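Order of the sequence lines fixes the chain letters, A, B, ..., with proteins taken first and strands second; residue numbering starts at 1 for each chain. As the structure is a computational prediction, the values presented were derived from the model and not from experiment.
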2 protein chains.
Amino acid sequence: MSVTVHDVARRAKVSISTVSRVLNGSAPVSQEKRERVMEAVEALGFTPNPIARSLLKHKTGTIGAVLPYITGEFFAELLCGLDEAAHMHKQVLMVSASHRLEPEFRAALQNLMHRVDGLVVMAPELDARQVLSITGQRLPVVFLNTHVDALGVFAVNFDNRGGMQALTEHVISAGYDRIAFIKGPEDARDAQERLHGFREGLHQKSIPYQEYEGDFSAERGYDAALRIMRTVPRSSAIMAANDLSALGALRALLESGLRVPEDMALTGFDDIPSTRFSTPSLSSVNVPIRILAARAVHTLVDCLKKPNTNGFVHLEPLTIKLRESTIRPDRRAALGISPSLENLFKTS
Amino acid sequence: MSVTVHDVARRAKVSISTVSRVLNGSAPVSQEKRERVMEAVEALGFTPNPIARSLLKHKTGTIGAVLPYITGEFFAELLCGLDEAAHMHKQVLMVSASHRLEPEFRAALQNLMHRVDGLVVMAPELDARQVLSITGQRLPVVFLNTHVDALGVFAVNFDNRGGMQALTEHVISAGYDRIAFIKGPEDARDAQERLHGFREGLHQKSIPYQEYEGDFSAERGYDAALRIMRTVPRSSAIMAANDLSALGALRALLESGLRVPEDMALTGFDDIPSTRFSTPSLSSVNVPIRILAARAVHTLVDCLKKPNTNGFVHLEPLTIKLRESTIRPDRRAALGISPSLENLFKTS
DNA sequence: TTGTAGGCGTTATCAC
DNA sequence: GTGATAACGCCTACAA
């Protein structure tokens, strides 16, 4: 089947250890044999089997990632950060999607566990303790946007609650006085945090609000917006738990002939690229997920190098991005808000 | 370190073979010992090491993918198709990005080769023969959007040339009579095919046109549009080799105060989600990349099952999507073109 | 400097 | 039914 060190050794008329030594430079080899080995490697097209190597060395040169999804703009950015950072450390990247399902998550973890040196895990529907009870201290794990309830754990999180609170305060200060909120999945901690941020943002002021079911998808955002429009008295603003929901809601609003933000303001969360391309462009909370994903990988690689390090939880503060969907046209110029002025593609 | 069959065997007071038999159901085991083994597996939290298993069985349960990039909306969709299909076949997915660089591509391939049972490869800057000279017949490869020049090769391609030709004919028939084309990377076969489609679309008519350098990025699309606007006599339409370039160009047009399509029509290619959210929405060529990616995986899994199959090349025909960027406002209603009428998120 | 032998964790093939 | 034992492809003492 595949060509092995034995084949190379036979052809070069040396022992397999010599072949290994030439390949890894682990010990001096005479010039003559070295050349014979090189020739044989070349001729046979030999490449060492990293599987066999890792069985022996307990190192795979691979890092794994388990994410809820790998689709959509948000996860595309996330993947890119993981890939770039992994590449930087000469590690191969293995990715699995859990689809927010616990059995699938468990299966992905089991599959990856022995194949990788370490794991980046994003599981907003679980918490660090639950994940670690599956991996069982066997390999280093760095969490990303995942609730941490245990000590000595590494995590790169961002301030979902604070971001949404800031955005809520902006919406209120822009004069919207009756706000509907489209929630994320009930069981997702990040969705809960965003909801809490929203509630806290409203807390001081006595702004009326309602909450609507959602699941981070555009479809449910669309449905929620239909329900919101039917509710009397009607809200003057919709805040969605993420951009995709907001974009779905936007479609419902436009189909109903409402103007955004004149008839109904709208906000998202994540600041995915489409927020800049939509009409109107969408106010949101920027999540520098690419950078954070890379940071998670860097942290993981550090763990791999010195395993006895203590854990820490990074909490990235988030900034809000104000765009057309919350700023009435007559106020945009003063605030420098314009579709043509915002840089559409450079990293913001 | 990690718990092995030996640990389980010792605790259950049986031999390792019995443990293996219980785990794999490969031979009958007495009820009593079976239970002892199960208990030990549970207590020790044992999970079999797939690395060791694959070393022996020459099967990894993993399929690999090498793509130019894993960023951006197009590749996000592609990844999703790969993931879904792999999941359906109970295969783990490993992804590597080549960044269109030959050495990186080679490295990714080397890394993946021994770790996976088969490969999905997208390498528009190379061709099937070159890729196969690296993998060397060792494992099945299914190509995706990659030029095939060898026999007996599996490929899932789509009709870049035909799609662009159809779109060009639409632009001409919509009355635009001076067209600028923003090219993709010189060395990418898909970019060349799109360029050829454009040229053929113009061939019959004597429409003047110019071609401008680009590389599939929004940045270069922006730059190209600036050059196009400076050229006298000015074009009345810009066709870009992909959506991202077009979106970059759109920004340049809007910044210059031009109206699209009244002053300048614009088209893309790929039909990524952002084409629907941009202002104006972007006419493009739909590439059902998610479905095609899944098809590539299905083909690969078929190959894995019966390796002696002959190759074939699938060529998916592409359909054009007409939106606001090529239809003047007064004609939109008649054609049913409206931002609010197009389904923004359901699969089109 | 070079070769031999043992082992990484698993499964398959033998005997018993 | 069950338990040794030999692979799988590689690396690394250890011996020569």
Review point. Think A:T18 has a side-chain N or O under 4.0 angstrom from the OP1 or OP2 of C:dG3?
Key: yes
Could you state the atom-to-atom distance from [atom1] of [X] to [atom2] of [N] in whole Å?
{"X": "B:K13", "N": "D:dA4", "atom1": "NZ", "atom2": "P", "answer": "14 Å"}
{"X": "A:R138", "N": "C:dG9", "atom1": "CZ", "atom2": "C1'", "answer": "13 Å"}
{"X": "A:R34", "N": "C:dT2", "atom1": "CZ", "atom2": "C1'", "answer": "13 Å"}
{"X": "A:L55", "N": "D:dA7", "atom1": "CG", "atom2": "P", "answer": "17 Å"}
{"X": "B:R115", "N": "D:dC10", "atom1": "CZ", "atom2": "C1'", "answer": "14 Å"}

Review point. Does B:T62 use its side chain to pair, donor to acceptor, with the backbone of B:V92 at less than 3.5 Å?
Key: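 Checked: no pair found.
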Check your understanding: Donor-acceptor pair, A:R106 side chain versus A:I134 backbone, under 3.5 Å?
Key ->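 No; zero donor-acceptor contacts below 3.5 Å.
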Exercise for review: Run the numbers on B:F46 and B:V5 for side-chain contact (heavy atoms from CB on, under 4.5 Å), then give the verdict.
Suggested key: CA-CA 8 Å; B:F46 169 78; B:V5 275; 3.9 Å; yes
Can you give me the N/O atom pairs linking the protein to nucleotides 10-13 of chain C at distances under 3.5 Å, or say none if there are none?
residue: C:dT10; atom: OP1; partner: B:N49; partner atom: N; Å: 3.0
residue: C:dT10; atom: OP2; partner: B:V5; partner atom: N; Å: 2.6
residue: C:dT11; atom: OP1; partner: B:N24; partner atom: OD1; Å: 3.3
residue: C:dT11; atom: OP1; partner: B:N24; partner atom: ND2; Å: 3.3
residue: C:dT11; atom: OP1; partner: B:R53; partner atom: NE; Å: 2.8
residue: C:dT11; atom: OP1; partner: B:R53; partner atom: NH2; Å: 2.6
residue: C:dT11; atom: OP2; partner: B:S20; partner atom: OG; Å: 3.2
residue: C:dT11; atom: OP2; partner: B:N24; partner atom: ND2; Å: 3.4

Point to revise | Nucleotide of C:dT4, D:dG9, D:dG3 approaching B:K33 most closely (side-chain heavy atoms) | key: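 Nearest nucleotide to the side chain: D:dG3.
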Exercise for review: Only pairs at least two apart or in different chains count here, so list each ring-ring contact (aromatic ring centres under 6.0 Å, His included) that has a residue in residues 105-151 of chain B.
Suggested key: none
Practice item. Apply the test side-chain contact (heavy atoms from CB on, under 4.5 Å) to residues A:H314 and A:T299: give CA-CA distance (whole Å), side-chain angles for both, the deciding distance (0.1 Å), then the verdict. Key: CA-CA 10 Å; A:H314 172 85; A:T299 305; over 6 Å; no
Exercise for review: Please check if atom CG in A:D149 has more than 12 non-hydrogen atoms from other residues, nucleotides or ligands closer than 6.0 Å.
Suggested key: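 Yes, enclosed.
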